[in-house]
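In listed order, ligands and their atoms are each counted from 1.
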Amino acid sequence: MAVDDYEKLLKYYDVHETIGAGGFAKVKLATHIFTGEKVALKIMNKESHGDDLPRVKTEIDAMKNLSHQNVCRLYHDTKKIFMILEYCPGGELFDYIIEKDRLTEDETRMFFRQIVSAVAYIHSQDYAHRDLKPENRFIDGDQNLKLIDFGVCAKPKGGMDYHLMICCGNPAYAAPELIQGKAYIGSVADIWSTGVLLYALMCGYQPFDDDNVMLMYKKIMRGKYDMPQMIQVDPKRRITVRHLLNHPWLMQGYSCPVEWQNCVTEMSVFYKWSKGSTLHLLSKWDYDQTTATYLLLLSKKSHGKPVRLMRSS
Ligand SMILES: COc1cc(O)cc(Nc2ccc(C(=O)Nc3ccc4c(c3)C[NH2+]CC4)cc2)c1
């Protein structure tokens, strides 16, 4: 019963004011009593819980498999009504853009590298987000972007090349193949949305906005604009996130491609271990060189340094 769960939560969290509200839920600021750390408490609306919305389960299952510096962390879930999430005091990226009217090219690039990092990471874990838009990016206390709301994400059983059918997300950011009701590849549709997001970051408005949805669809299908790589109407010719990582525009002013791996992935690639073996070895906490490498990588990440291992210094 929700009341018992709430009572239980109050043993571990002090709950404060509401800091966000959406269709299915509202978000309150809370403090984790034992650590004193601020967190975000997401409370599902009773109605949506009543329907036992699959999106809640989809989201919680996804969040438990995702750990990345640009993906909002799930800390605690009480089986579908409450989620304790990472606190993002910078608020929505959407509000940040509106406040600043539009971003400079350098600031856009700094944010966009983090956006591409999160998308590359979730795709590497076989997840497609399917609702990428500025409202789903929050800024934390260190100007890092955090991707939120995995309620309509997909982890196709057949792998990332598997075609999806369900049409979801905000039409202004939806790929042409999606709004045409065609079977589509989730990760390819995510790239389109990321391209629209880049446009909105740079210009301060959406490329295909129109109060009349049908006119918006016509604009989306027209396909005549000067950045053919991400908002490319033909999904087969659309750039992949792998090619975005070291795209010249993203590399301008930076010495390395976009880092997208998290510490575990970086270690498994470096040591040539499988992800399972890496997780098994780390879970032993032998305080050997493996533990040291992992903890020092975590420390690098927390200080905003590249999550990267090298053979010789
Ligand atoms: C996976 O992470 C998720 C998943 C999800 O379904 C929803 C969220 N939602 C969040 C929404 C907001 C915040 C948040 O921290 N918002 C926040 C915090 C402080 C302040 C504001 C917003 C805005 N005014 C200034 C102070 C965190 C998660 C995450």
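- Under a 3.5 Å cut-off, the side chain of R73 and the backbone N or O of E86 do not form any donor-acceptor pair.
- The six-membered or imidazole ring of F34 lies near that of H32, with a centre-to-centre distance under 6.0 Å.
- Salt bridge present: K57 and D61 bring a charged side-chain N and a carboxylate O closer than 4.0 Å.
- Atoms of ligand 1 lying under 4.0 Å from at least one heavy atom of I19, given by number and element, are 14 (C), 16 (N), 17 (C), 18 (C).
- No heavy atom of L74 sits closer than 4.0 Å to any atom of ligand 1.
- Not a single heavy atom of M83 lies less than 4.0 angstrom from ligand 1.
- For atom 24 (N) of ligand 1, the nearest protein heavy atom lies 4.0 Å or farther away.
- To the nearest 0.5 Å, atoms SG (C88) and CD1 (I148) are separated by 7.5 Å.
- Close contacts between ligand 1 and L85 involve ligand atoms 1 (C), 2 (O), 3 (C), 8 (C), 29 (C) [criterion: under 4.0 Å to a heavy atom].
- Ligand 1 places these atoms under 4.0 Å from at least one heavy atom of C88: 14 (C), 15 (O), 16 (N), 17 (C), 18 (C), 19 (C), 22 (C).
- When non-hydrogen atoms are compared, ligand 1 lies under 4.0 Å from neither the backbone nor the side chain of K146.
- Every atom of ligand 1 with a heavy atom of K42 under 4.0 Å away is listed here by number and element: 5 (C), 6 (O), 7 (C).
- The closest approach between a heavy atom of P89 and any atom of ligand 1 is below 4.0 Å.
- At least one donor-acceptor pair under 3.5 Å links the side chain of T293 to the backbone N or O of Q289.
- Residue C72 has at least one heavy-atom neighbour below 4.0 Å for each of these atoms of ligand 1: 1 (C), 2 (O), 29 (C).
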* Evaluate the criterion side-chain hydrogen bond (donor to acceptor under 3.5 Å, both in side chains) for residue pair S193 and D190; output intermediate values, then yes/no. => CA-CA 5 Å; S193 312; D190 275 352; 5.1 Å; no
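- For ligand 1, the polar-atom distance check finds no N/O of Y87 at less than 3.5 Å from any of the ligand's N/O atoms.
- Within the 4.5 Å cutoff, the side chain of P171 has heavy atoms near those of the M216 side chain.
- Looking only at distances, no side-chain donor or acceptor of K275 sits under 3.5 Å from a matching main-chain atom of T265.
- Other residues, nucleotides and ligands contribute only 12 or fewer heavy atoms inside 6.0 Å of the NE2 atom of H243.
- Contacts of M63 with ligand 1, taken as heavy-atom pairs under 4.0 Å, involve the side chain alone.
- Between V27 and ligand 1, no pair of N/O atoms sits closer than 3.5 Å.
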